[in-house]
K.L.:
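Please read through the structure below; I'll follow up with questions.
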Amino acid sequence: MSTQAATAAARRSKLTPEREAELYEAVISLLREGGYDSVTMEGVAARTKCGKATLYRQWGTKPRLVTAALDKRRTAVFTGIDTGSLAGDLRAAGEVASCRRDRDAELMEAVSQAYIQHPDLRAALRETVIAPEVAALDTMLARAVERGEIAADNPAITFVAPSFLGMLRIERLFEERFEDVGTIAAFVDAVLLPALGVTAPDTDTDTDADTGTAA
């Protein structure tokens, strides 16, 4: 471990997990109440009776603090999915996403707006929240290439993760069109699999086996 990393680790260790959780909850509460712009280091410090210097020492910037709070209350959605086939993996991912579609929706919408307006937050969210999901989807595709299900040079591969995650973000904007919880699964079958040259399996197959590996 480098000296800089060791120093950072020592600083982080001064906060107990319980205290850290309290600070994160204050951030989430402020986000709910007024969106990203309502979150300030001063506001979090006042709400938690914590020194502002402690927040800056621990996280450095507001975007890092907000991203850490969001990341702490979530788990990587798609990591661990491995059904043995690309169709099964993407369907399982769609199933997991559908089950979570209404979880903290208003909070995510507030963060999405801030994501567009604040480049510093965008960079932090990409690193800690978005990148793990993209990596998990890319891993599914890499396994499919190894199994010979899709060609390595298929141009659609590049667009799968952006399309999948993009659909999750805009689904609520088209509620009159996408009212069913199976929208993402239908998207996988109607758009992603055909683009990859994969035949969608029978929709009557047992989806429990597909989603069982998504912990």
Side-chain angles (χ1 to χ4, degrees), residues 1-81 93 96-140 161-162 164-172 214-215:
M1 178 183 291
S2 67
T3 301
Q4 182 178 4
T7 301
R11 287 174 175 172
R12 286 195 293 272
S13 67
K14 293 181 180 180
L15 287 179
T16 66
E18 293 76 18
R19 185 56 166 157
E20 195 171 74
E22 182 184 355
L23 293 169
Y24 288 152
E25 189 56 40
V27 173
I28 297 300
S29 295
L30 288 168
L31 281 171
R32 289 182 185 279
E33 293 166 13
Y36 179 73
D37 290 335
S38 72
V39 181
T40 64
M41 294 300 218
E42 292 82 1
V44 174
R47 182 163 295 200
T48 59
K49 296 180 173 57
C50 173
K52 188 169 65 172
T54 299
L55 299 178
Y56 280 108
R57 183 176 64 246
Q58 185 80 1
W59 290 281
T61 66
K62 166 183 163 178
R64 289 286 177 182
L65 174 57
V66 170
T67 304
L70 291 169
D71 190 49
K72 190 67 174 180
R73 65 183 288 111
R74 66 185 291 283
T75 56
V77 178
F78 307 130
T79 300
I81 293 177
V96 172
S98 295
C99 292
R100 298 170 60 93
R101 68 191 300 235
D102 293 325
R103 184 180 300 180
D104 248 350
E106 73 284 352
L107 179 61
M108 289 301 100
E109 287 172 5
V111 173
S112 296
Q113 183 65 26
Y115 183 93
I116 296 172
Q117 297 175 345
H118 301 275
D120 47 358
L121 176 68
R122 188 157 61 241
L125 283 173
R126 280 177 178 169
E127 177 184 343
T128 62
V129 177
I130 299 174
E133 308 299 359
V134 172
L137 292 168
D138 285 345
T139 295
M140 296 176 194
F164 196 105
L165 297 178
M167 187 65 180
L168 294 179
R169 298 305 326 141
I170 68 170
E171 184 184 5
R172 289 178 59 84

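Only this structure's heavy atoms are used, side chains among them; waters, hydrogens and symmetry mates stay out.
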K.L.:
Locate the shortest heavy-atom distance separating G51 from A45; write the atom from each residue and the value.
P.N.:
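G51 and A45 have their closest heavy atoms at C-CB, 4.4 Å.
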
K.L.:
Any idea which heavy atoms bring L137 and A93 closest together, and the distance?
P.N.:
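Closest heavy-atom pair between L137 and A93: CD2-CB, 4.5 Å.
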
K.L.:
Restricting to non-hydrogen atoms, name the atom on Y36 and the atom on K62 that form the minimum distance, rounded to 0.1 Å.
P.N.:
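Closest pair (atom of Y36, atom of K62, distance): O-NZ, 3.0 Å.
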
K.L.:
Does the R126 side chain pair with the main chain of A131, one donor and one acceptor, at a distance under 3.5 Å?
P.N.:
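No.
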
K.L.:
Are F164 and E133 side-chain neighbours, meaning at least one heavy-atom pair lies under 4.5 Å?
P.N.:
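Not in contact.
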
K.L.:
Restricting to non-hydrogen atoms, name the atom on R19 and the atom on L15 that form the minimum distance, rounded to 0.1 Å.
P.N.:
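In this case the closest contact between R19 and L15 is CG-CD2, 3.8 Å.
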
K.L.:
Which distance, rounded to the nearest 0.5 Å, do you find between the CG of L23 and the NZ of K72?
P.N.:
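With rounding to 0.5 Å, CG (L23) is 12.0 Å from NZ (K72).
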
K.L.:
Taking atom CG of D37 and atom CG of L30, what is their separation to the nearest 0.5 Å?
P.N.:
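Spacing of CG (D37) from CG (L30) equals 12.0 Å.
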
K.L.:
I need the Y24 OH to L65 CG distance, nearest 0.5 Å.
P.N.:
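One gets 7.0 Å once the value is rounded to the nearest 0.5 Å.
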
K.L.:
Any sub-3.5 Å donor-acceptor pair from T67's side-chain atoms to R64's backbone N or O?
P.N.:
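Side chain of T67 to backbone of R64, a donor-acceptor pair under 3.5 Å: no, none is there.
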
K.L.:
Return the CD to CG distance between E42 and L55, rounded to the nearest 0.5 Å.
P.N.:
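Reported to 0.5 Å precision, the distance equals 9.0 Å.
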
K.L.:
How far does CZ of F78 sit from CE of M140, to the nearest 0.5 angstrom?
P.N.:
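If I round to the nearest 0.5 Å, the distance is 7.0 Å.
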
K.L.:
Once rounded to the nearest 0.5 Å, what's the spacing between atom CD of E22 and atom CZ of R47?
P.N.:
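One finds 11.5 Å between CD of E22 and CZ of R47.
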
K.L.:
Indicate the atoms forming the closest heavy-atom contact of V39 with V27, along with that distance.
P.N.:
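Closest approach of V39 to V27, heavy atoms only: CG2-O, 4.1 Å.
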
